[in-house]
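Every number for a ligand or one of its atoms is a count from 1 in the order of the listing. Quick note: residue numbers are just sequence positions, from 1. Remember, it's a predicted structure, so these values are computed and weren't measured experimentally.
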Amino acid sequence: NVSDLRSVRQYLKANYVKPNPAYNGVAKGKNVLVIHLESFQQFLIGYKWKGKEVTPNLNKIYHQKDTISFDNFFNQVGQGKTSDAEMMLENSLFGLQSGSAMSTYGTSNTFESAPAILHQQAGYTTAVMHGGAGSFWNRDNAYKSFGYQYFMPLSYFKNKPGYYIGYGLKDKIFFDQSIKYIERLPQPFYLKMITVTNHYPYNLDKKNQSIDKTNTGDETVDGYVQTAHYLDQAIGELMRWMKKTGLDKKTLIVFYGDHYGISGNHHKASAELLKKDSFNDFDNLQFQRVPLMFHMKGLKGGINHTYGGEIDVLPTLLNLLGIKDKDTIQFGYDLLSKNAPQIVAQRNGDFITPEYSKVGSDYYDTKTGERIKPDKKLKAKLTAISNKVTTQLSLSDRVIDGNLLRFYRPKWFTTVKPKDYDYNKATS
Ligand code: GP9
Ligand code: MN
């Protein structure tokens with residue numbers, strides 16, 4: 001109810017951190033292309049298998065001087081996996097403790113999401129392209145609630161035998177066929193492209209295998225570098241097209257990995273991939289790092305070591321675009337702010353800070369990985385961090401469970417009406 005909303009706003013006000021003014025508006029008016037790297041973990045960046053880079057194109061982007069790259073950026077998804085990542089990126093709200101917020105509340109709730117903010121504040125055309133079924137994760141409804149004007153799922157693409165694997169079109173085919181739609185989008189656009197080939201179980205047709213599988217002997221792990229390599233090649237092709245058309249000069253590209261590809265059930269194989277003697281729960285928590293890169297011609301880039309997570313992408317992006325979003329209900333922070341709190345919540349209440357990591361009831365030194373037996377003073381400090389994490393999560397849950405945004409109308413924002421949107425393929 002309305003008093004819940006009041007507590008949320010009070011909390012956000014008390015914990016407000018000003019975005020970095022030096023980056024405010026540096027990408028003003030640019031197109032925004034968000035590339036969702038399916039199941040892509042940070043360790044792949046720079047990773048070599050049999051002397052060969054697994055992801056040469058993304059490695060290059062990662063190190064370019066006009067890319068802001070993060071090396072302590074974590075996924076924060078729960079059971080909603082991809083959809084939780086999307087929920088965080090579009091809204092700076094967490095997924096739920098169980099299930100998928102996009103599935104359960106995506107149709108009925110009111111949101112103040114990135115596409116609506118960008119459209120209303122800066123005239124952006126907003127679209128999502130994905131070579132998978134439109135109904136997966138309730139996207140075809142949730143995107144309307146988010147205010148996306150266009151959604152092009154599988155039904156918009158040619159699907160021939162051999163085009164499709166697992167959950168959708170192979171990434172190269174998807175990108176290639178997306179071009180004709182991108183060309184027609186009025187600029188500036190905010191476009192999200194959701195890749196899917198690098199998804200468990202990491203199957204790929206022979207013809208597209210251009211790097212060997214790893215040899216841990218763990219079947220579910222060994223194909224991972226192969227599909228990641230394929231995804232990277234697809235990115236390379238898309239980047240070449242963007243360069244050829246000059247679109248690269250007008251576009252801020254955001255790359256992010258949605259969640260792990262190798263789950264916590266594969267400690268032995270993970271140790272082998274990382275060439276470590278052992279792999280424990282602490283290592284698995286650190287393994288939740290995924291890429292986050294902002295790439296744009298002329299951007300003052302570099303590798304940024306700030307600790308953050310998916311909840312923080314939207315505030316960071318809005319500051320880069322110089323978009324005012326005063327008083328929005330967002331739980332993340334600008335990652336470029338010098339005062340970012342650097343407490344990265346996991347959906348189960350675990351957390352990572354530059355100093356401490358919590359897994360279950362155990363605490364570790366983030367730098368050394370050593371288990372900590374906290375004295376009374378440290379225990380109090382760790383409990384305080386833990387409480388912050390739980391408070392943040394439960395307030396975000398309240399916003400979604402209670403559909404609190406329906407009571408909330410910042411002056412500058414017009415409530416999104418899902419029925420204004422129709423994603424059925426136009427016949428032309
Ligand atoms: C399918 C896809 C997969 O459309 O986005 O979602 P995931 O299984 O990774 O949550
Ligand atoms: Mn996913």
Side-chain H-bond candidate by donor/acceptor type, [X] with [Y], under 3.5 Å:
{"X": "T107", "Y": "N138", "answer": "yes"}
{"X": "N304", "Y": "T306", "answer": "yes"}
{"X": "T197", "Y": "T227", "answer": "no"}
{"X": "Q233", "Y": "K172", "answer": "yes"}

When the aromatic ring centroids of [X] and [Y] are compared, is their separation below 6.0 Å?
{"X": "Y260", "Y": "F287", "answer": "no"}
{"X": "Y423", "Y": "Y143", "answer": "no"}
{"X": "Y364", "Y": "F282", "answer": "yes"}

Query raised in the report: Can you name the residues that come within less than 4.0 Å of ligand 1, going by heavy atoms only?
Result: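 Its neighbours under 4.0 Å (heavy atoms only) are E38, K81, T82, H130, F136, W137, R139, H199, H259, given by chain and number.
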Query raised in the report: Residues in salt bridge (charged side-chain N to carboxylate O under 4.0 Å, His left out) with E310, at least two apart?
Result: none
Side-chain donor-acceptor pairs of residues 388-395 under 3.5 Å, sequence neighbours excluded:
| residue | atom | partner | partner atom | Å |
| --- | --- | --- | --- | --- |
| T390 | OG1 | S386 | O | 2.6 |
| T391 | OG1 | N387 | O | 2.7 |
| Q392 | NE2 | F331 | O | 3.2 |
| S394 | OG | T390 | O | 3.1 |
| S394 | OG | T391 | O | 3.3 |

Query raised in the report: Protein N, O or S atoms less than 2.8 Å from the Mn ion (ligand 2), ignoring waters?
Result: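 For the Mn ion (ligand 2), the protein N, O and S atoms that sit under 2.8 Å away are E38 OE1, E38 OE2, T82 OG1, D258 OD2, H259 NE2.
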